[in-house]
**Q** 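Following this message is one structure expressed as structure tokens.
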Amino acid sequence: MPLPSLLMRRSPICLALLPALFATPAFAAKPAPRGATAVLAVLETTDLHSNVVGYDYFKLANDPSFGLDRTATLIAQARKEFANTVLLDNGDTIQGTVLADYQAVARPVRCSETLGIYKVMNRLGYDGAGIGNHDFNFGLAYLGQVTGHRFDVAGVEQPKRCAGPAFPMVLANVYSVKSGKPLFEPYRIIDKRVRAFDASGKPITANVKVGIIGFTPPTILTWDKRWLEGKVYTEGLRETAQKYIPEMRAKGADLVVAISHGGLDASPYSPTMENGNYYLSQVPGIDAMLLGHAHQQFPNPNSTAAQFNIAGVDKAKGLVNGVPTVMANLWGKHLGVIALHLRYDGKRWVVEKDKTLVEARSIQQADKSYVSADPQVMALVEHEHAGTIDYVKTPVGTSSFRMSTYFADVGDVSAVEVVNQAQADYAAKYVAANLPQYAQLPVLSVSAAFKTGAASVTDYTDVAAGSLALNNAADLYLYPNTLSVVKINGAQIKTWLERAANRFNTIDPGKAEPQELVDTSFAGYNFDMFTDKDISYEIDVTRAPGDRIRNLQWRGAPVVDGQEFLVATNNYRASGGGGFPGLDSSKTVVASPDANREVLIAFIRHTKQLSRAANGAARSWRFAKVKTAGQVVFHAPPGMLGLAQEAGLANVTQVAADDGRGKGFALYAVDLSK
């Protein structure tokens, strides 16, 4: 039911305060009579990645296609529509933009200060939040500080409790090795005062006890091993839920909302699986699930994502094994809404599932414009925002050529080679100084194009020729990874490259209709590539995944299975991130404390002047030549063909300036016979 007109006329920020007004103790409302009904909308944000405002710190320009400042408008609209709401965040909140790096590293937030994104979330009246895997990226001391927690963990000094969010943060499946207790409180039962109706339809005020429980991928132990090893351990989602949900019910929870930072995976259950929510949904007692991590929209009847096309998943209605479920994409692009219709059975509130509505509401409107940003969000972080802009303008070098990832999927290495050069240079010097036993092994480097249009038509690395500043380095290397070096053999290199080649669909040469080259369900940041004149290989996209790498050579000779190499990469990949076979930390010989981005910045400062010939043209891989009956197509922004030609990609053409999908992309084709 809609709010009274008086409340509907309030400003977005005033509306944002409603949870605080209604979240009064249980004794403030009389017990609901049997047969009473209410609608409670559970609202989700997830994977905000510190995109507090719609601003691209790499391009130093406003971007209306993302940002919590626009999600705030959707939140206000939902609060006008639904009299009762619970606003929750699903983690990956404090990392992901240069603003986040600025507050964590460049100008560390003080103990007395509230982190910028949490200031905004406090003002918007969040009721609770979970913890994502990337929230561990800056270490436990920082996570404890900015969330206002003191972790009982060995080796983490926290002299006092610092400023943090004004709402509870829950995480049930991560435990302190030292104490054996959960790192955060595993769950919280929130007393929500709601507007309801008795059996005759008369308006009443009642109380609903909403239990929230948080989960994060157990794989954090490998992804952030340097911060977490020996300090915390994890438990599987299913076992954790089976332990705590009955306890929550026993303590009076009418509803249980699982805030689980992960996606869906129907492969056999494992306590260490990254996306265990398919099995979490089967644990009795869960009324709603909030998902994240996968950076997808759910429900979405048009989704081709494999995780939403498995048995028991209704991608149109937003159900996973019958449990209402939402995933609100990333960066504030969507607001998840689960409108739960409740009926009081005389003992507790129960969900009438046949009336439940699940939606992921976009900040982009039907006419392709975007909802207005809430101006008070920027007002709250104006100081941090300005400081970040000043920080990213710090010069580090110059480049005589433009570095971009618009055509990285078809061979442009202009934005990848310099990263590989920096990593290889660091690794070679480290080995020479510290690991003489490996001094005779070749040192290679592998990296990927981190931004390839997954989020929007502007989601590409694009560094103009001229002066290079810190924001350009952050554009070239997006994540706060640290450098790792692995020792592997020729067979393992081939397996690595086979996994990376999953980026492409299997092309049928005899098919006359256009075929999509890129499998967008395989993230661009997992398309690792070498950019070294000494190593070469072909990718045969007419072959099935796992059998695509051809003519793998080192200095003109075939790479043999037992031939050993050192390969510089990042801690995420070296410890198993991305599901690359054999990479599980066991091959790591260097686990550097230095961030890949800082290594890149140091390399550019030392090199001073980058040129295409020296730093942006060493393409190690090619598509295996094949004549196709029809076009092989891919998508990139319009008008960029000149960049492909500058990169030597003479086999690329622009087919149409508008690919017809309504997202601003053009349609391009690549001729695999050339």
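Residue indices begin at 1 and follow the sequence shown. Values below: every heavy atom of this structure, side chains too, minus hydrogens, waters and symmetry copies.
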**Q** Would you check if the distance from the ring center of Tyr460 to the ring center of Tyr406 is below 6.0 Å?
**A** yes
**Q** With rounding to the nearest 0.5 Å, note down the distance linking CD1 in Ile535 to CG in Leu552.
**A**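 Going from CD1 on Ile535 over to CG on Leu552, the span is 5.0 Å.
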**Q** Strictly distance-based, threshold 3.5 Å: is any side-chain N or O of Thr461 a donor or acceptor partner for the main-chain N or O of Asp475?
**A**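 Yes, the answer is positive, given that a donor and an acceptor are paired below the 3.5 Å cut-off.
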**Q** List the residues meeting side chain to side chain contact (heavy atoms under 4.5 Å, CB included) with Ala574, not counting sequence neighbours, and say none if there are none.
**A**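 Partners of Ala574 under the side chain to side chain contact (heavy atoms under 4.5 Å, CB included) test: Ser484, Val486, Thr569, Thr588.
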**Q** Pair Asp47, His293 - check side chain to side chain donor-acceptor pair (under 3.5 Å), show working.
**A** CA-CA 7 Å; Asp47 294 270; His293 184 59; 5.3 Å; no
**Q** Would Phe407 and Leu643 count as a side chain to side chain contact (heavy atoms under 4.5 Å, CB included) here? Give the steps.
**A** CA-CA 8 Å; Phe407 298 99; Leu643 290 179; 4.3 Å; yes
**Q** State whether the number of non-hydrogen atoms from other residues, nucleotides or ligands found under 6.0 Å of Gln440 atom CD is greater than 12.
**A**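 Counting other residues, nucleotides and ligands, CD of Gln440 stays at 12 neighbours or fewer.
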**Q** With a 3.5 Å distance limit and no angle check, can you tell me whether Ser414 reaches the backbone of Ser404 through a side-chain donor-acceptor pair?
**A** yes
**Q** Does a donor on one side chain and an acceptor on the other come within less than 3.5 Å for Trp223 and Asn133?
**A**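 No pair is found: no donor N or O on one side chain lies under 3.5 Å from an acceptor on the other.
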**Q** For the pair Asp528 and Arg573, find out whether any cationic side-chain nitrogen is under 4.0 Å from an anionic carboxylate oxygen.
**A** yes
**Q** I'd like to know if the side chain of Gln297 reaches the main chain of Ala328, judged simply by a donor and an acceptor atom lying under 3.5 Å from each other, with no hydrogens or angles considered.
**A**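 No, Gln297 side chain to Ala328 backbone: no donor-acceptor pair under 3.5 Å.
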**Q** Do side-chain atoms of Thr405 reach the backbone of Lys451 as a donor and acceptor pair under 3.5 angstrom?
**A** yes
**Q** Can a donor-acceptor pair be found between the side chains of Asp89 and Thr93 at a distance below 3.5 Å?
**A** yes
**Q** Any side-chain to backbone donor/acceptor pair from Gln95 onto Ala100? Under 3.5 Å, distance only.
**A**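 Checked: no pair found.
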**Q** Verify whether one side chain among Thr398 and Gln609 offers a donor that lies under 3.5 Å from an acceptor in the other.
**A**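 Yes, side-chain donor-acceptor contact under 3.5 Å.
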**Q** Do Asn505 and Gln515 meet the criterion of a side-chain donor-acceptor pair at a distance under 3.5 Å?
**A**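 Asn505 vs Gln515: no donor-acceptor pair found between side chains.
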**Q** Could you check whether Asp63 and Thr458, counting side-chain N and O atoms only, form a donor-acceptor pair closer than 3.5 Å?
**A**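 Yes - a donor-acceptor pair under 3.5 Å links their side chains.
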**Q** Do you see a donor-acceptor pair shorter than 3.5 Å between the side chains of Asn551 and Glu538?
**A** yes
**Q** Does any donor atom in the side chain of Asn502 or Asp519 lie under 3.5 Å from an acceptor atom in the other side chain?
**A** no
**Q** Going from CZ on Arg107 to CD on Glu384, what distance comes out if it is rounded to the nearest 0.5 angstrom?
**A** 7.5 Å
**Q** State whether Lys59 and Asp462 are salt-bridged, where the test is any N-O pair (Lys NZ or Arg NE/NH1/NH2 against Asp/Glu carboxylate O) under 4.0 Å.
**A** no
**Q** Can a side-chain donor-acceptor contact be found between His385 and Tyr57 if the only test is distance below 3.5 angstrom?
**A** yes
**Q** Begin from the C-alpha positions of Asn137 and Asp224 and carry the test side chain to side chain donor-acceptor pair (under 3.5 Å) through to its verdict.
**A** CA-CA 6 Å; Asn137 285 171; Asp224 274 307; 2.7 Å; yes
**Q** Between Gln421 and Asn615, do the side chains contain an N or O donor and an N or O acceptor separated by less than 3.5 Å?
**A** yes
**Q** Would a distance-only check, ignoring hydrogens and angles, find a side-chain to backbone donor-acceptor pair under 3.5 Å from Asp412 to Ala408?
**A** no
**Q** Applying side chain to side chain contact (heavy atoms under 4.5 Å, CB included), run through Ser399 and Arg612 and close with a yes or a no.
**A** CA-CA 8 Å; Ser399 174; Arg612 185 181 292 276; over 6 Å; no
**Q** Would you confirm whether Asp69, through its side chain, and Val377, through its main-chain N or O, come within 3.5 Å as a donor-acceptor pair?
**A** no
**Q** Validate the cation-pi geometry between Arg619 and Trp621: distance from NZ or CZ to the six-membered ring centre under 6.0 Å, angle to the ring axis within 45°.
**A** yes
**Q** Are the side chain of Asn489 and the backbone of Glu564 linked by a donor-acceptor contact shorter than 3.5 Å?
**A** no
**Q** Just checking, any donor-acceptor pair under 3.5 angstrom between side chains of Thr531 and Glu417?
**A**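 The answer is no; no qualifying pair exists.
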**Q** Rounded to the nearest 0.5 Å, what separates atom OG in Ser445 from atom CG in Asp532?
**A** 9.0 Å
**Q** Kindly confirm or rule out a cation-pi arrangement of Arg70 over Phe66, judged by NZ or CZ under 6.0 Å from the six-membered ring centre and within 45° of its axis?
**A**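 So Arg70 doesn't make the cation-pi contact.
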**Q** Between Phe527 and Phe504, how do the two ring planes meet: parallel, tilted or perpendicular, split at 30° and 60°?
**A**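 Correct class here is perpendicular.
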**Q** Parallel under 30°, tilted from 30 to 60°, perpendicular over 60°: which one fits the rings of Phe138 and Tyr142?
**A**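 Perpendicular, since the angle between the ring planes exceeds 60°.
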**Q** Does Arg548 pair with Glu498 as a salt bridge, N-O distance under 4.0 Å?
**A**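 Answer for the salt bridge query: no.
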**Q** Is any NZ, NE, NH1 or NH2 atom of the basic residue among Asp534 and Arg555 found under 4.0 Å from an Asp or Glu carboxylate oxygen of the other?
**A** yes
**Q** Please evaluate residues Ile488 and Ile493 with respect to the criterion side chain to side chain contact (heavy atoms under 4.5 Å, CB included), reporting the C-alpha separation (whole Å), side-chain torsions for both, the decisive distance (0.1 Å), and the verdict.
**A** CA-CA 7 Å; Ile488 58 176; Ile493 283 182; 3.5 Å; yes
**Q** Take Ser592 and Tyr426, measure what side chain to side chain donor-acceptor pair (under 3.5 Å) needs, and give me the verdict at the end.
**A** CA-CA 10 Å; Ser592 169; Tyr426 180 99; 2.7 Å; yes
**Q** Which pairs, with at least one residue in residues 599-608 and sequence neighbours excluded, count as a side-chain hydrogen bond (donor to acceptor under 3.5 Å, both in side chains)?
**A** none
**Q** Return yes if some donor-acceptor pair links the side-chain N/O of Asn596 with the main-chain N/O of Thr482 below 3.5 Å, else return no.
**A** yes
**Q** Taking the six-membered ring of Tyr479 (Phe, Tyr or Trp), confirm whether the NZ or CZ of Arg597 is under 6.0 Å from its centre and within 45° of its axis.
**A**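 Arg597 over Tyr479 ring: no.
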**Q** Does a donor on one side chain and an acceptor on the other come within less than 3.5 Å for Tyr55 and Asn51?
**A**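 No, Asn51 and Tyr55 have no side-chain donor paired with an acceptor closer than 3.5 Å.
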**Q** Apply side chain to side chain contact (heavy atoms under 4.5 Å, CB included) to Tyr118 and Val52, showing your working.
**A** CA-CA 9 Å; Tyr118 286 148; Val52 185; over 6 Å; no
**Q** Please work out whether the ring planes of Phe580 and Phe522 are parallel, tilted or perpendicular, with thresholds of 30° and 60°.
**A**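 Plane angle between 30° and 60°, so tilted.
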**Q** Could you check whether Asp92 and His261, counting side-chain N and O atoms only, form a donor-acceptor pair closer than 3.5 Å?
**A** yes
**Q** Quick check against the 3.5 Å criterion: does Glu598 have a side-chain atom that pairs as donor or acceptor with the backbone of Ala595?
**A**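 No, because the side chain of Glu598 does not come within donor-acceptor range (under 3.5 Å) of the backbone of Ala595.
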**Q** Under 3.5 Å, side-chain donor or acceptor atoms of residues 646-655 against the rest of the protein: list the pairs with distances, not counting sequence neighbours.
**A**
from   : atom 1 : to     : atom 2 : distance (Å)
Asn651 : ND2    : Asp671 : O      : 3.2
Gln654 : OE1    : Gly639 : N      : 3.1
Gln654 : OE1    : Tyr668 : OH     : 3.0

